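Chain letters run A, B, ... following the sequence lines, proteins first, then strands; residues in each count from 1. The structure displayed is predicted, hence computed values, not measured ones.
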There are 2 protein chains.
Amino acid sequence: MEDEVDRLVAAWRRERPDLDVEPLEVLSRVSRLARHLDRARRIAFSEHNLEPWEFDVLTSLRRAGAPYQLSPGQLLTQTLVTSGTMTNRIDRLTKKNLVERLPDPSDRRGVLVRLTAEGRDKADQSLAGLLAQERAILRELSTQQRGELAGLLRQLTAPFDNTPG
Amino acid sequence: MEDEVDRLVAAWRRERPDLDVEPLEVLSRVSRLARHLDRARRIAFSEHNLEPWEFDVLTSLRRAGAPYQLSPGQLLTQTLVTSGTMTNRIDRLTKKNLVERLPDPSDRRGVLVRLTAEGRDKADQSLAGLLAQERAILRELSTQQRGELAGLLRQLTAPFDNTPG
DNA sequence: TTCAAGTGTCTTGACATCAAGATATATCTC
DNA sequence: GAGATATATCTTGATGTCAAGACACTTGAA
């Protein structure tokens, strides 16, 4: 089945036959699929009054395990947003009583963000919903294909995740 | 090489052994890789005073071929943003003299957005830069692996790209 | 032990995005 | 060919994000 990137690549080959646009076959699909996923998640979460960004923060804390706390800096590397954005997110989640800020006992510059009981419930409920939705999207692929795809993607993400940048 | 999603999945298996989190192996990597790509593109384009969203609109028009014009609606399906966002983008690109708005001669509700000469130059220059950057990222994979990856991703994107929604 | 460099978090201001709905025109049905 | 419905674009208001830099504390080197 053809997709929008097939059309995009064909258009470039017609307009710019001098360029090798093969990289777009992979990376434009990654970008576009991510946008489709964002949209789908936004719709799915809205039924539970949850924004995607709230999900990202709450589940990062949830999977840290009891006592469900991380520093803002650790949350940055998990969510790939800037520090100003994270400060703002923590403020808003605190107002909604889903997380609380505690002083870091071992570093007076630092802070720990901890999930409240309500925040933990919300994380658990929304994760189940997300997995159901993702399973539906992945029905297109066999188990083996999903494994191959995950492995190929890992090769691309690892350099980003393992360099300080 | 391990990546952040490996750690994320391991954490969920420890915290929620009752759930099957296998879907995250694929789709969390897609989302995270897209964010890394956004960051990298933002940095690369900033050298040419160009924002990623400007690139998206200008190149959509560029690859449409002469006379380099599309309706706002066609631009929506290519860029996956909302109509309000596109109106705003066209306004700003018009102010920068990179595109112009023309009435659609065959539909009085409609508008055509056309690339200016300056906009066309900018699209051509920035595409070359993007491809160079993407080639560097894809060095991790063999030619054959890139083909496999593109094919697997196509299977996931096609349903989104071929349904009205 | 002191001070320079590094680190962690927050503040600020500009700006891009979204959802919802308004408006104008097209198209379809009878 | 008239009215109901659909479509294309824009407007509005709220909100989330970013880059840059401020501030407080920590660390390392002499």
Side-chain angles (χ1 to χ4, degrees), chain A residues 31 34-47 49-57 69-96 99-114 164-165, chain B residues 31 34-47 49-57 69-96 99-114 164-165:
Chain A
S31 295
R35 283 204 60 76
H36 286 303
L37 293 174
D38 269 354
R39 284 184 165 190
R41 277 196 301 174
R42 182 179 301 277
I43 292 168
F45 288 151
S46 71
E47 293 169 17
N49 263 351
L50 196 70
E51 302 288 330
W53 64 262
E54 294 178 296
F55 174 87
D56 288 342
V57 177
Q69 59 189 25
L70 291 173
S71 68
Q74 289 173 308
L75 287 170
L76 291 190
T77 71
Q78 301 226 358
T79 57
L80 300 174
V81 295
T82 61
S83 66
T85 297
M86 187 52 67
T87 299
N88 188 15
R89 288 183 175 187
I90 296 167
D91 287 347
R92 284 175 277 150
L93 289 171
T94 301
K95 251 178 228 149
K96 292 180 74 169
V99 307
E100 57 188 338
R101 253 190 267 249
L102 309 169
D104 182 336
S106 67
D107 185 338
R108 263 185 275 184
R109 293 168 306 180
V111 163
L112 291 174
V113 181
R114 181 152 74 195
Chain B
S31 295
R35 283 204 59 75
H36 285 304
L37 293 174
D38 268 355
R39 284 184 165 190
R41 277 196 299 174
R42 182 180 301 278
I43 292 169
F45 287 152
S46 71
E47 293 169 16
N49 264 351
L50 196 69
E51 302 287 330
W53 65 262
E54 295 179 293
F55 175 86
D56 288 342
V57 177
Q69 58 190 24
L70 291 172
S71 68
Q74 290 173 308
L75 287 170
L76 291 190
T77 72
Q78 301 227 359
T79 56
L80 300 175
V81 296
T82 62
S83 67
T85 297
M86 187 53 68
T87 298
N88 188 15
R89 287 183 175 186
I90 297 167
D91 287 348
R92 284 173 278 150
L93 289 172
T94 301
K95 251 179 227 148
K96 292 180 74 170
V99 308
E100 56 189 339
R101 253 189 267 249
L102 309 170
D104 181 337
S106 67
D107 185 338
R108 262 185 276 185
R109 294 167 305 179
V111 163
L112 291 174
V113 182
R114 181 151 73 193

[options]: which one has an atom nearest the side-chain heavy atoms of [X]?
{"X": "Arg92(A)", "options": "dG16(D), dT17(C), dT26(D)", "value": "dG16(D)"}
{"X": "Asn88(B)", "options": "dA16(C), dC18(C), dT17(D)", "value": "dA16(C)"}
{"X": "Thr87(B)", "options": "dT17(D), dC10(C), dC10(D)", "value": "dC10(D)"}
{"X": "Arg108(A)", "options": "dA16(C), dA19(C), dC25(D)", "value": "dC25(D)"}

Starting from the 5' end of DNA chain D, give me the residue, Gln74(B) or Ser106(A), whose nearest nucleotide shows up first.
-> Gln74(B)
Give the rounded distance in Å between these two atoms: [atom1] of [X] and [atom2] of [N].
{"X": "Glu54(A)", "N": "dC18(C)", "atom1": "CD", "atom2": "P", "value": "17 Å"}
{"X": "Asp38(A)", "N": "dT17(D)", "atom1": "CG", "atom2": "C1'", "value": "13 Å"}
{"X": "Asp104(A)", "N": "dT26(D)", "atom1": "CG", "atom2": "P", "value": "10 Å"}
{"X": "Leu75(B)", "N": "dT17(C)", "atom1": "CG", "atom2": "P", "value": "13 Å"}
{"X": "Arg35(B)", "N": "dG16(D)", "atom1": "CZ", "atom2": "C1'", "value": "11 Å"}
{"X": "Glu51(B)", "N": "dA14(C)", "atom1": "CD", "atom2": "P", "value": "16 Å"}
{"X": "Leu112(A)", "N": "dC10(C)", "atom1": "CG", "atom2": "P", "value": "11 Å"}
{"X": "Arg41(B)", "N": "dC18(D)", "atom1": "CZ", "atom2": "P", "value": "14 Å"}

Option passing salt bridge (Lys or Arg N to Asp or Glu O under 4.0 Å) with Glu54(B) (candidates Lys96(B), Lys95(B), Arg89(B)) | Lys96(B)
For [N], does OP1 or OP2 lie under 4.0 Å from any side-chain N or O of [X]?
{"X": "Arg42(A)", "N": "dC18(C)", "value": "no"}
{"X": "Arg89(A)", "N": "dT17(D)", "value": "yes"}
{"X": "Arg101(B)", "N": "dT9(D)", "value": "no"}
{"X": "Thr85(A)", "N": "dC18(D)", "value": "yes"}

Hey, could you give me the CG/OG distance between Asp56(A) and Ser31(B), rounded to the nearest 0.5 Å?
-> 8.5 Å
Measure the spacing between CE of Met86(B) and CG of Leu75(B) and express it to the nearest 0.5 Å.
-> 5.0 Å
Please figure out whether Ile43(A) or Ile90(A) has its closest DNA chain C nucleotide nearer the 5' end.
-> Ile90(A)
Relative to the 5' end of DNA chain C, which residue comes earlier, Val81(B) or Met86(A), by the nucleotide with the nearest heavy atom?
-> Met86(A)
Any N/O donor-acceptor pair, Arg109(A) side-chain to dT26(D) base, under 3.5 Å | no
So does Ser83(B) reach the base of dC10(D) with its side chain, donor to acceptor, closer than 3.5 Å?
-> yes
Side chain to side chain, Val99(B) and Val113(B), heavy atoms closer than 4.5 Å = yes
Which part of the nucleic acid does Gly84(A) contact within heavy-atom distance under 4.0 Å: base, sugar-phosphate only, or nothing?
-> base
With sugar-phosphate meaning primed atoms plus P, OP1 and OP2, does Asp107(A) contact a base, only sugar-phosphate, or nothing at under 4.0 Å between heavy atoms?
-> sugar-phosphate
N/O donor-acceptor pair under 3.5 Å between Ser71(B) side chain and Gln74(B) backbone = yes
Only one of His36(B), Arg41(B), Arg42(B) passes side chain to side chain donor-acceptor pair (under 3.5 Å) with Asp38(B), and that residue is Arg41(B)
